[in-house]
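Worksheet for the structure shown next.
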Amino acid sequence: MPVSDFSTRPAASADGRTIPNLLSIAGTDPTGGAGIQADLKSFAAHRAYGMCVVTALVAQNTEGVRDIHLPPVEFLRAQLDAVSDDVAIDGVKVGMLGTAEIISTVAAWWDELTQDSGAGAPVLVVDPVMVATSGDRLLHAEAESALNGFLHRADLITPNVPELALLAGAEPAATTEELLAQAEQVADTHHVLVLAKGGHLEDATVTDTLVHPTDDAGHRPSYQQFESPRVETSSTHGTGCSVSAALAALRARGLSWPESVAQVKDWMTSSLQAAEALDVGRGHGPIQHFADLWTS
Ligand SMILES: Nc1ncnc2c1ncn2[C@@H]1O[C@H](COP(=O)(O)OP(=O)(O)OP(=O)(O)O)[C@@H](O)[C@H]1O
Ligand SMILES: Cc1ncc(CO)c(N)n1
(Lines give C-alpha, C1' and ligand atoms only; values in the text may rest on other atoms or scores of the structure.)
(Ligands and ions follow the chains in the order given, each with its own letter.)
Protein backbone atom coordinates (compact mmCIF):
# COMPACT_ATOMS: atom_id res chain seq x y z
CA MET A 1 0.00 0.00 0.00
CA PRO A 2 1.47 3.41 -0.90
CA VAL A 3 2.26 5.25 2.33
CA SER A 4 0.68 8.45 1.06
CA ASP A 5 -2.69 6.70 0.71
CA PHE A 6 -5.03 8.58 3.03
CA SER A 7 -8.09 6.84 1.70
CA THR A 8 -9.89 3.96 3.27
CA ARG A 9 -8.75 0.52 2.12
CA PRO A 10 -11.27 -2.15 1.17
CA ALA A 11 -12.65 -3.52 4.41
CA ALA A 12 -12.27 -7.21 5.16
CA SER A 13 -15.97 -7.48 4.33
CA ALA A 14 -15.10 -6.84 0.65
CA ASP A 15 -14.50 -10.55 0.25
CA GLY A 16 -17.32 -11.67 2.48
CA ARG A 17 -15.85 -11.37 5.99
CA THR A 18 -17.42 -8.81 8.28
CA ILE A 19 -14.92 -9.51 11.07
CA PRO A 20 -11.26 -9.18 9.99
CA ASN A 21 -8.66 -11.81 10.94
CA LEU A 22 -5.76 -10.19 12.78
CA LEU A 23 -2.46 -11.85 13.63
CA SER A 24 -0.06 -10.74 16.34
CA ILE A 25 3.57 -11.86 15.98
CA ALA A 26 5.13 -10.98 19.31
CA GLY A 27 6.45 -12.09 22.70
CA THR A 28 4.44 -13.06 25.76
CA ASP A 29 3.54 -11.41 29.06
CA PRO A 30 2.16 -13.98 31.51
CA THR A 31 0.57 -11.19 33.57
CA GLY A 32 -1.51 -10.32 30.51
CA GLY A 33 -0.76 -6.61 30.18
CA ALA A 34 1.72 -6.46 27.28
CA GLY A 35 2.87 -8.47 24.26
CA ILE A 36 0.67 -11.14 22.67
CA GLN A 37 -1.81 -11.14 25.54
CA ALA A 38 -2.42 -7.38 25.24
CA ASP A 39 -2.67 -7.63 21.46
CA LEU A 40 -5.41 -10.28 21.62
CA LYS A 41 -7.44 -8.12 24.04
CA SER A 42 -6.88 -5.12 21.82
CA PHE A 43 -8.04 -6.98 18.69
CA ALA A 44 -11.16 -8.13 20.56
CA ALA A 45 -11.88 -4.60 21.81
CA HIS A 46 -11.77 -3.41 18.18
CA ARG A 47 -14.10 -6.03 16.75
CA ALA A 48 -11.45 -8.21 15.13
CA TYR A 49 -10.74 -11.94 15.36
CA GLY A 50 -7.39 -12.32 17.11
CA MET A 51 -4.66 -14.89 16.36
CA CYS A 52 -1.08 -15.09 17.60
CA VAL A 53 2.34 -16.50 16.81
CA VAL A 54 4.83 -16.42 19.67
CA THR A 55 8.36 -15.19 18.94
CA ALA A 56 9.62 -15.30 22.53
CA LEU A 57 8.41 -16.62 25.88
CA VAL A 58 9.07 -13.87 28.37
CA ALA A 59 9.05 -14.45 32.14
CA GLN A 60 7.90 -10.97 33.08
CA ASN A 61 5.38 -9.22 35.27
CA THR A 62 4.31 -5.66 36.02
CA GLU A 63 7.67 -5.06 37.75
CA GLY A 64 10.06 -6.23 35.04
CA VAL A 65 11.53 -8.95 32.86
CA ARG A 66 13.10 -11.98 34.61
CA ASP A 67 14.03 -14.29 31.75
CA ILE A 68 13.48 -14.84 28.03
CA HIS A 69 13.21 -18.19 26.24
CA LEU A 70 13.46 -18.22 22.44
CA PRO A 71 11.94 -21.25 20.68
CA PRO A 72 13.94 -22.44 17.64
CA VAL A 73 13.21 -20.36 14.53
CA GLU A 74 12.12 -23.52 12.70
CA PHE A 75 9.27 -23.71 15.20
CA LEU A 76 8.50 -20.03 14.72
CA ARG A 77 8.23 -20.65 10.98
CA ALA A 78 6.00 -23.68 11.63
CA GLN A 79 3.63 -21.49 13.66
CA LEU A 80 3.54 -18.82 10.93
CA ASP A 81 2.85 -21.39 8.22
CA ALA A 82 0.17 -23.09 10.31
CA VAL A 83 -1.77 -19.83 10.37
CA SER A 84 -1.20 -18.62 6.82
CA ASP A 85 -1.74 -22.06 5.19
CA ASP A 86 -5.23 -22.10 6.69
CA VAL A 87 -6.52 -18.60 7.41
CA ALA A 88 -6.95 -15.50 5.20
CA ILE A 89 -5.07 -12.85 7.19
CA ASP A 90 -6.36 -9.26 6.97
CA GLY A 91 -3.89 -7.56 9.27
CA VAL A 92 -0.63 -8.29 11.08
CA LYS A 93 0.88 -6.57 14.07
CA VAL A 94 4.55 -7.32 14.71
CA GLY A 95 5.92 -6.65 18.19
CA MET A 96 8.91 -8.14 20.03
CA LEU A 97 11.29 -9.89 17.61
CA GLY A 98 14.29 -10.39 19.90
CA THR A 99 17.07 -11.50 17.55
CA ALA A 100 18.30 -11.04 13.97
CA GLU A 101 17.47 -14.70 13.28
CA ILE A 102 13.83 -14.18 14.32
CA ILE A 103 13.63 -11.03 12.19
CA SER A 104 14.89 -12.82 9.07
CA THR A 105 12.46 -15.72 9.68
CA VAL A 106 9.45 -13.39 9.93
CA ALA A 107 10.69 -11.36 6.94
CA ALA A 108 11.04 -14.48 4.74
CA TRP A 109 7.54 -15.65 5.70
CA TRP A 110 6.06 -12.19 5.05
CA ASP A 111 7.77 -11.84 1.68
CA GLU A 112 6.48 -15.24 0.54
CA LEU A 113 2.97 -14.48 1.82
CA THR A 114 2.75 -11.15 0.02
CA GLN A 115 4.82 -11.71 -3.13
CA ASP A 116 1.84 -11.73 -5.50
CA SER A 117 -0.76 -9.91 -3.41
CA GLY A 118 -0.12 -6.23 -4.31
CA ALA A 119 -2.75 -3.95 -2.77
CA GLY A 120 -4.48 -7.05 -1.35
CA ALA A 121 -1.64 -7.68 1.12
CA PRO A 122 -2.59 -7.71 4.80
CA VAL A 123 -2.14 -4.47 6.72
CA LEU A 124 1.25 -4.55 8.47
CA VAL A 125 1.87 -2.51 11.61
CA VAL A 126 5.32 -2.85 13.18
CA ASP A 127 5.84 -1.78 16.78
CA PRO A 128 9.66 -1.66 16.93
CA VAL A 129 9.86 -3.12 20.44
CA MET A 130 13.37 -2.75 21.87
CA VAL A 131 13.18 -1.90 25.57
CA ALA A 132 10.34 -2.62 28.06
CA THR A 133 8.86 0.13 30.29
CA SER A 134 10.94 -1.42 33.08
CA GLY A 135 14.13 -0.70 31.09
CA ASP A 136 14.81 -4.35 30.20
CA ARG A 137 16.03 -5.03 26.65
CA LEU A 138 13.63 -7.01 24.44
CA LEU A 139 15.79 -6.83 21.29
CA HIS A 140 19.47 -7.85 21.24
CA ALA A 141 21.59 -4.77 20.59
CA GLU A 142 23.24 -6.49 17.63
CA ALA A 143 19.80 -7.10 16.05
CA GLU A 144 19.05 -3.37 15.67
CA SER A 145 20.38 -3.24 12.11
CA ALA A 146 18.29 -6.30 11.18
CA LEU A 147 15.21 -4.53 12.55
CA ASN A 148 16.09 -1.49 10.44
CA GLY A 149 16.14 -3.80 7.40
CA PHE A 150 12.63 -5.07 8.20
CA LEU A 151 10.81 -1.75 8.55
CA HIS A 152 10.26 -0.86 4.87
CA ARG A 153 7.72 -3.69 4.67
CA ALA A 154 5.38 -1.98 7.14
CA ASP A 155 2.40 0.22 6.32
CA LEU A 156 2.92 1.95 9.66
CA ILE A 157 5.54 1.84 12.42
CA THR A 158 4.75 3.00 15.96
CA PRO A 159 7.98 3.87 17.86
CA ASN A 160 7.97 5.47 21.31
CA VAL A 161 10.53 8.14 22.27
CA PRO A 162 13.47 5.83 23.13
CA GLU A 163 12.77 3.54 20.14
CA LEU A 164 12.67 6.45 17.71
CA ALA A 165 16.00 7.68 19.12
CA LEU A 166 17.60 4.28 18.56
CA LEU A 167 16.21 4.09 15.01
CA ALA A 168 17.43 7.64 14.26
CA GLY A 169 20.81 7.11 15.94
CA ALA A 170 20.16 10.09 18.23
CA GLU A 171 19.59 10.94 21.89
CA PRO A 172 15.97 10.52 23.11
CA ALA A 173 13.87 13.55 22.14
CA ALA A 174 12.95 15.97 24.94
CA THR A 175 10.39 17.94 22.93
CA THR A 176 7.79 17.23 20.25
CA GLU A 177 9.93 19.20 17.74
CA GLU A 178 12.91 16.89 18.35
CA LEU A 179 10.61 13.86 18.13
CA LEU A 180 9.25 15.02 14.77
CA ALA A 181 12.72 15.66 13.34
CA GLN A 182 13.71 12.08 14.25
CA ALA A 183 10.43 10.73 12.84
CA GLU A 184 11.05 12.53 9.52
CA GLN A 185 14.52 10.99 9.31
CA VAL A 186 13.22 7.48 10.03
CA ALA A 187 10.23 7.88 7.66
CA ASP A 188 12.55 8.89 4.82
CA THR A 189 15.20 6.23 5.53
CA HIS A 190 12.66 3.40 5.43
CA HIS A 191 10.03 5.08 3.24
CA VAL A 192 7.39 4.26 5.81
CA LEU A 193 4.59 6.08 7.62
CA VAL A 194 5.59 6.75 11.26
CA LEU A 195 3.32 7.29 14.26
CA ALA A 196 5.65 9.14 16.63
CA LYS A 197 4.18 8.51 20.10
CA GLY A 198 4.64 11.15 22.76
CA GLY A 199 3.76 9.07 25.83
CA HIS A 200 7.29 9.40 27.26
CA LEU A 201 7.41 13.21 27.00
CA GLU A 202 6.20 14.98 30.11
CA ASP A 203 3.67 17.43 28.63
CA ALA A 204 0.16 17.61 30.13
CA THR A 205 -1.12 16.82 26.65
CA VAL A 206 0.06 13.57 25.04
CA THR A 207 0.60 14.12 21.32
CA ASP A 208 0.99 11.32 18.77
CA THR A 209 1.91 12.44 15.23
CA LEU A 210 1.59 10.74 11.86
CA VAL A 211 4.73 11.62 9.89
CA HIS A 212 4.88 10.74 6.20
CA PRO A 213 8.05 10.16 4.19
CA THR A 214 8.79 12.55 1.35
CA ASP A 215 7.40 11.35 -1.96
CA ASP A 216 9.30 10.95 -5.23
CA ALA A 217 8.88 14.68 -5.93
CA GLY A 218 10.50 15.54 -2.58
CA HIS A 219 7.20 16.65 -1.03
CA ARG A 220 6.20 15.62 2.50
CA PRO A 221 2.44 15.53 3.28
CA SER A 222 1.72 17.66 6.34
CA TYR A 223 1.79 16.12 9.82
CA GLN A 224 -1.40 14.93 11.43
CA GLN A 225 -1.34 15.44 15.19
CA PHE A 226 -3.59 13.70 17.69
CA GLU A 227 -3.75 15.13 21.19
CA SER A 228 -5.24 13.77 24.38
CA PRO A 229 -5.03 14.79 28.03
CA ARG A 230 -2.32 12.93 29.98
CA VAL A 231 -3.99 10.46 32.36
CA GLU A 232 -2.22 10.46 35.75
CA THR A 233 -1.68 6.76 36.32
CA SER A 234 1.16 4.26 36.73
CA SER A 235 -0.88 1.66 34.77
CA THR A 236 0.91 2.16 31.47
CA HIS A 237 2.29 -1.38 30.96
CA GLY A 238 1.51 -2.48 27.40
CA THR A 239 0.06 0.79 26.09
CA GLY A 240 2.31 0.64 23.02
CA CYS A 241 1.46 -3.00 22.25
CA SER A 242 -2.26 -2.31 22.64
CA VAL A 243 -2.19 0.78 20.40
CA SER A 244 -0.34 -0.90 17.53
CA ALA A 245 -2.68 -3.91 17.59
CA ALA A 246 -5.75 -1.64 17.67
CA LEU A 247 -4.45 0.37 14.71
CA ALA A 248 -3.91 -2.80 12.64
CA ALA A 249 -7.47 -3.93 13.44
CA LEU A 250 -9.14 -0.63 12.55
CA ARG A 251 -7.16 -0.23 9.33
CA ALA A 252 -8.09 -3.81 8.34
CA ARG A 253 -11.71 -2.82 9.01
CA GLY A 254 -11.37 -0.13 6.35
CA LEU A 255 -10.73 3.06 8.34
CA SER A 256 -8.03 5.46 7.11
CA TRP A 257 -4.89 5.89 9.23
CA PRO A 258 -5.98 9.28 10.65
CA GLU A 259 -9.43 7.90 11.51
CA SER A 260 -7.80 4.87 13.13
CA VAL A 261 -5.37 6.93 15.23
CA ALA A 262 -8.10 9.35 16.38
CA GLN A 263 -10.33 6.46 17.48
CA VAL A 264 -7.49 4.58 19.20
CA LYS A 265 -6.38 7.69 21.13
CA ASP A 266 -9.90 8.12 22.56
CA TRP A 267 -10.02 4.42 23.43
CA MET A 268 -6.59 4.57 25.10
CA THR A 269 -7.66 7.52 27.26
CA SER A 270 -10.69 5.58 28.57
CA SER A 271 -8.61 2.39 28.94
CA LEU A 272 -6.04 4.25 31.09
CA GLN A 273 -8.76 5.98 33.13
CA ALA A 274 -10.52 2.66 33.75
CA ALA A 275 -7.28 0.89 34.74
CA GLU A 276 -7.73 1.89 38.37
CA ALA A 277 -10.62 -0.59 38.61
CA LEU A 278 -8.08 -3.39 38.03
CA ASP A 279 -5.86 -4.75 40.80
CA VAL A 280 -3.05 -6.48 38.92
CA GLY A 281 0.49 -6.51 40.27
CA ARG A 282 2.73 -4.16 42.24
CA GLY A 283 4.53 -2.40 39.38
CA HIS A 284 3.22 -0.72 36.24
CA GLY A 285 -0.24 -2.25 35.94
CA PRO A 286 -2.14 -3.05 32.73
CA ILE A 287 -4.78 -0.91 31.05
CA GLN A 288 -8.47 -1.92 31.03
CA HIS A 289 -8.98 -2.90 27.40
CA PHE A 290 -12.76 -3.30 27.68
CA ALA A 291 -13.79 -0.14 29.53
CA ASP A 292 -16.29 0.83 26.84
CA LEU A 293 -17.83 -2.68 26.73
CA TRP A 294 -18.16 -3.48 30.43
CA THR A 295 -20.80 -0.93 31.23
CA SER A 296 -22.44 -2.86 34.07
N1 LIG B 1 -0.39 8.87 30.64
C2 LIG B 1 -0.98 8.81 29.43
N3 LIG B 1 -2.16 9.44 29.21
C4 LIG B 1 -2.77 9.38 28.00
N5 LIG B 1 -2.29 8.71 26.95
C6 LIG B 1 -1.11 8.04 27.11
C7 LIG B 1 -0.39 8.07 28.33
N8 LIG B 1 0.74 7.33 28.20
C9 LIG B 1 0.71 6.85 26.95
N10 LIG B 1 -0.39 7.30 26.27
C11 LIG B 1 -0.77 6.94 24.91
O12 LIG B 1 -0.58 5.53 24.81
C13 LIG B 1 0.06 5.19 23.61
C14 LIG B 1 1.40 4.53 23.89
O15 LIG B 1 2.34 5.54 24.18
P16 LIG B 1 3.83 5.33 24.68
O17 LIG B 1 4.65 6.38 24.03
O18 LIG B 1 3.81 5.33 26.17
O19 LIG B 1 4.12 3.89 24.12
P20 LIG B 1 5.12 2.77 24.60
O21 LIG B 1 6.22 3.34 25.43
O22 LIG B 1 5.50 2.04 23.37
O23 LIG B 1 4.25 1.84 25.52
P24 LIG B 1 4.76 0.54 26.37
O25 LIG B 1 4.50 0.93 27.79
O26 LIG B 1 3.87 -0.55 25.92
O27 LIG B 1 6.20 0.27 26.05
C28 LIG B 1 0.16 6.47 22.79
O29 LIG B 1 -0.95 6.55 21.95
C30 LIG B 1 0.14 7.56 23.84
O31 LIG B 1 -0.40 8.75 23.32
C1 LIG C 1 6.50 -9.30 25.09
C2 LIG C 1 6.55 -7.85 25.30
N3 LIG C 1 6.42 -7.03 24.22
C4 LIG C 1 6.48 -5.68 24.39
C5 LIG C 1 6.64 -5.14 25.65
C6 LIG C 1 6.71 -3.63 25.79
O7 LIG C 1 5.68 -3.14 26.52
C8 LIG C 1 6.74 -6.02 26.74
N9 LIG C 1 6.90 -5.56 28.02
N10 LIG C 1 6.70 -7.36 26.53
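For ligands, and for the atoms within them, numbers begin at 1 and follow the listed sequence.
Contact annotation: for Arg230 versus ligand 1, heavy atoms closer than 4.0 Å belong to both the backbone and the side chain. At a heavy-atom cutoff of 4.0 Å, ligand 1 is contacted by the side chain of Val243 but not by its backbone. If you look at Glu232 next to ligand 1, there are no close heavy atoms at all, none under 4.0 Å. For Asp208, every heavy-atom contact with ligand 1 shorter than 4.0 Å involves the side chain, none the backbone. For Leu272, every heavy-atom contact with ligand 1 shorter than 4.0 Å involves the side chain, none the backbone.
The protein heavy-atom contact nearest to atom 3 (N) of ligand 2 is Gly35 CA, 3.8 Å. Thr239 OG1, 3.6 Å is the protein heavy atom nearest to atom 14 (C) of ligand 1. Among protein heavy atoms, atom 11 (C) of ligand 1 sits closest to Met268 CG, 3.9 Å. Summary of contacts: the protein heavy atom closest to atom 21 (O) of ligand 1 is His200 NE2, 2.5 Å. Protein heavy atom closest to atom 5 (C) of ligand 2, with residue, atom name and distance, is Leu138 CD1, 3.5 Å. Closest protein heavy atom to atom 22 (O) of ligand 1: Lys197 NZ, 2.8 Å. Looking only at heavy atoms of the protein, atom 27 (O) of ligand 1 is closest to Thr133 OG1, 3.7 Å. Regarding atom 26 (O) of ligand 1, its nearest protein heavy-atom neighbour is Gly240 N, 2.8 Å.
Arg137 and Glu144 are joined by a salt bridge, as a carboxylate oxygen and a charged side-chain nitrogen come within less than 4.0 angstrom of each other. Under a 4.0 Å N-O distance rule, the pair Asp208/Lys265 qualifies as a salt bridge.
Which of Met130, Lys265, Gln273, His284 comes nearest to atom 31 (O) of ligand 1 through a heavy atom is settled by distance: it is Lys265. Considering only non-hydrogen atoms, atom 2 (C) of ligand 2 lies nearest to Gln60 out of His284, Gln60, Gln37, Met130. The heavy atom nearest to atom 4 (C) of ligand 2, out of those in Ser244, Cys241, Gly33, is found in Cys241.
Counting only N and O atoms by type, the side chains of Asn61 and Thr31 include no donor and acceptor under 3.5 Å apart.
Residue contact check for ligand 2: Asp29 places no non-hydrogen atom closer than 4.0 Å to it. Residue contacts with ligand 1 include Pro229, since one or more of its heavy atoms lies under 4.0 Å from the ligand. Residue contacts with ligand 1: Gly238 is included, with a non-hydrogen atom under 4.0 Å away. Ligand 1 has at least one atom lying under 4.0 Å from a heavy atom of Thr236.
Of all the heavy atoms in Arg282 and Thr62, the pair that sits closest is N-OG1, 3.4 Å. Phe290 and Gln288 make their closest contact through N-OE1, 2.8 Å (heavy atoms, listed as atom of the first residue, atom of the second, distance). What you find for His289 and Ser242 is that their closest heavy atoms are NE2-OG, 2.9 Å.
Checked against a 3.5 angstrom limit, the closest N/O atoms of Val231 and ligand 1 fall inside it. Of the polar atoms of Asp127, none of the N or O atoms is found under 3.5 Å from an N or O of ligand 1, judged by distance alone. An N or O contact shorter than 3.5 Å is missing between His237 and ligand 1 by distance. Taking any N or O of Gly199, backbone or side chain, at least one lies under 3.5 Å from an N or O belonging to ligand 1. For Thr269, no nitrogen or oxygen atom sits less than 3.5 Å from a nitrogen or oxygen atom of ligand 1, counting backbone and side chain alike. In terms of polar-atom proximity, defined here as any N/O pair under 3.5 Å, Asn160 does make such a contact with ligand 1.
Counting atoms of ligand 1 from 1 in the listed order, those under 4.0 Å from a heavy atom of Cys241 are 26 (O). The atoms of ligand 2 that sit less than 4.0 Å from any heavy atom of Val129 are 4 (C).
For CD of Gln79, the number of neighbouring non-hydrogen atoms (other residues, nucleotides, ligands) closer than 6.0 Å is greater than 12. For Glu63, the CD atom is densely surrounded, since the number of other residues' heavy atoms within 6.0 Å is greater than 12. Counted within 6.0 Å of CZ on Phe75, heavy atoms from surrounding residues, nucleotides or ligands total 12 or fewer; the atom is thus considered open. Within 6.0 Å of atom CD in Glu202, 12 or fewer heavy atoms from other residues, nucleotides or ligands are found, so the atom counts as exposed in its surroundings.
In this pair, His46 and Trp267 present their aromatic rings perpendicular. The plane angle is above 60°, beyond the 30 to 60° band.
Looking at heavy atoms from C-beta onward, Tyr223 lies in side-chain contact with Glu184 at the 4.5 angstrom threshold.
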